[in-house]
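Below you'll find the structure, written out as structure tokens, and then a few comments.
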There are 2 protein chains.
Amino acid sequence: MKLTSFELDVMQYLWQQTEATSPEVHAYITKTRDVTYSTVKTIIDRLEQKKVIKRHRVEGRTIYYQTLVTPKEVQKPMLKQVLQKLFAGNKKLLMNQLFEQDDLSQEDIQYLENLIKRDKKL
Amino acid sequence: MKLTSFELDVMQYLWQQTEATSPEVHAYITKTRDVTYSTVKTIIDRLEQKKVIKRHRVEGRTIYYQTLVTPKEVQKPMLKQVLQKLFAGNKKLLMNQLFEQDDLSQEDIQYLENLIKRDKKL
DNA sequence: ATTTTATCTTGACAAGTGTAGAGGTAACAA
DNA sequence: TTGTTACCTCTACACTTGTCAAGATAAAAT
């Protein structure tokens, strides 16, 4: 379940919609950078080939797509990969970097503390 | 400062040595998977072109390489990338995934608590 | 009924990535 | 001093990734 940078951008949008069309995805991507419809559609086609999205329903010429995998299913193996490749498998290094990244918000900290608390109970 | 998967494997080794030769790197990589010397040397050459390593000294036919960038210089932008692409910029999601990954060790937890403590002092 | 528009399909290409063989040559061994 | 070995250099190639244009065609508008 390895996706490219561009593919992830598209998935990101698809995950927050119940369904979406290529023109919609194109509109979303275009908010950030300037790519043609063709380019976006190619990425969508590849996601379909990879079986991580499917044609949910068709209305006239328009295809509505839907995801076939959850964020977690993609995040888990890819984060593991990052941990290995970038931090030699050392979680502490990753955490540290996350702290230094650009300051965690107060809310982030609190969330972390809760994660720790919950973890200790198990 | 974007490095490929294979390039990161090589950097990983180089970072833990003061200097290293191509055959040494090859030996290291070969512990995990089966690639020829040529392949490894190509990656090393590309790292050199990217100016993230340099020829430190030469002894006979043998070249000793050394890194020109720190782990952090590479990790920081790449982790940021991952955070954006994979977790839509949401640090909480990343942390959560890290916890679920494959259980943090007791030591990891403690380390995290210290990070939090230190963070609160600032 | 005909034109216009929106969307899809197909094909293509440059750059990047992983992979390796062939051939050169310095260094070492006999 | 000549053969062998260890490394290096160069070249190449298939696959992936990002990018898009051209052409087809259904749907909508006139």
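Quantities reported herein were computed from a predicted structural model and do not represent experimental measurements. In what follows, chains carry the letters A, B, and so on, assigned in the order in which the sequence lines appear, proteins first and then strands, with residues in each chain numbered from 1.
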Using the test side-chain hydrogen bond (donor to acceptor under 3.5 Å, both in side chains), find all partners of [X] that sit at least two apart in sequence or belong to another chain.
| X | result |
| --- | --- |
| A/R61 | none |
| B/R118 | none |
| B/D9 | A/K85, B/R33 |
| A/E107 | B/K92 |

Legend entry - All side-chain contact (heavy atoms from CB on, under 4.5 Å) counterparts of A/L93, not counting sequence neighbours: A/F87, A/N90
Legend entry - Non-neighbouring partners of B/E24 that pass side-chain contact (heavy atoms from CB on, under 4.5 Å), sequence neighbours left out: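 Here the qualifying residues are B/Y13, B/A20, B/T21.
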Legend entry - Below 4.0 Å: OP1/OP2 of C/dT9 and any side-chain N or O of A/K41: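 Yes, A/K41 has a side-chain N/O under 4.0 Å of OP1/OP2 on C/dT9.
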Legend entry - Sub-4.0 Å heavy-atom contacts from residues 67-87 of chain A onto DNA chain D, ordered by number: none
Legend entry - With sequence neighbours excluded, residues passing ring-ring contact (aromatic ring centres under 6.0 Å, His included) with B/Y64: none
Legend entry - Residues in salt bridge (Lys or Arg N to Asp or Glu O under 4.0 Å) contact with A/E100, at least two apart in sequence or another chain: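 Partners of A/E100 under the salt bridge (Lys or Arg N to Asp or Glu O under 4.0 Å) test: B/K72.
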Inset, instruction - Give a yes or no on whether a donor-acceptor pair under 3.5 Å exists between the nucleobase atoms of D/dG18, that is its base, and the side chain of A/R33. - result: no
Legend entry - the helix from C/dA1-D/dT30 to C/dA30-D/dT1: angle between end helix axes, five pairs per end, rounded to 10 degrees: 10°
Legend entry - Summary of protein contacts for nucleotides 20-30 of chain D, nucleotide by nucleotide, where a base hit scores B, a sugar-phosphate-only hit scores S (4.0 Å, heavy atoms): BBB-BBSS---
Inset, instruction - Using a cut-off of strictly less than 4.0 Å between a heavy atom of the residue and any atom of DNA chain C, enumerate the qualifying residues of residues 17-31 of chain B by number. - result: none
